[in-house]
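Starting off with a structure, shown below.
Heavy atoms only: backbone and side chains are in, while hydrogens, waters and symmetry mates are out. Each residue takes its place number in the sequence, starting with 1. Here the structure is a predicted model, which means the values were calculated and not measured.
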Amino acid sequence: MSKLYIHTAPATFNVDCKKANTSVLDSIDGIYEMKVAFHNTVGINEKAQNALSRLHDAIDDVVFTQEWNPGNLLIFNNLRCVHGRGEVKGERWLQRCYGSSIIPAATVIELSKAIAY
């Protein structure tokens, strides 16, 4: 829960804040929420990096794969579901809609001007 990690935004996000010090686990309203992208998050020291590696290994032990078909819809809380994807073969068409309990409903945000929380 300490800010012992550096998250680097993917180049495709085109945001002003390219790197942010962050925690990997937070308690929001008494509920633990995880926020980590293993491919672009690193610990700021050896102890933090080892903890991140152990978390990755623990998740690997319980992972399952789901294949989706055209027209499928998936809704999930991004902070309460550990998710990822493997290699995409062929064309990919993805539409996203984001919600937030921090930002008032119906607020439009330009991702290029987004601030890191």
More than 12 heavy atoms of other groups within 6.0 Å of Lys18 NZ
yes

Ignoring hydrogens and angles, write down the donor-acceptor pairs under 3.5 Å from the side chains of residues 61-72, residues two or more places apart or on other chains.
residue: Asn72; atom: OD1; partner: Asn69; partner atom: N; Å: 2.5

Could you tell me the separation between the CG atom of Leu52 and the CG atom of Asp57, rounded to the nearest 0.5 Å?
10.0 Å

Selection residues 40-52 - residue pairs positive for side-chain hydrogen bond (donor to acceptor under 3.5 Å, both in side chains), sequence neighbours left out:
His7-Thr41

Locate the shortest heavy-atom distance separating Ala48 from Leu4; write the atom from each residue and the value.
CB-O, 3.6 Å

Partners passing side chain to side chain donor-acceptor pair (under 3.5 Å) against Ser23 (at least two apart in sequence or in another chain)
Asp26

Please round to the nearest 0.5 Å and tell me the distance separating atom OG of Ser2 and atom CG of Asn21.
11.5 Å

Measure the spacing between OG1 of Thr22 and CD1 of Ile6 and express it to the nearest 0.5 Å.
10.5 Å

Please report the closest heavy-atom contact between Ile59 and Met34, naming both atoms and the distance.
CD1-SD, 4.1 Å

Tyr5 versus Ala51, closest heavy-atom pair with distance
OH-CB, 3.7 Å

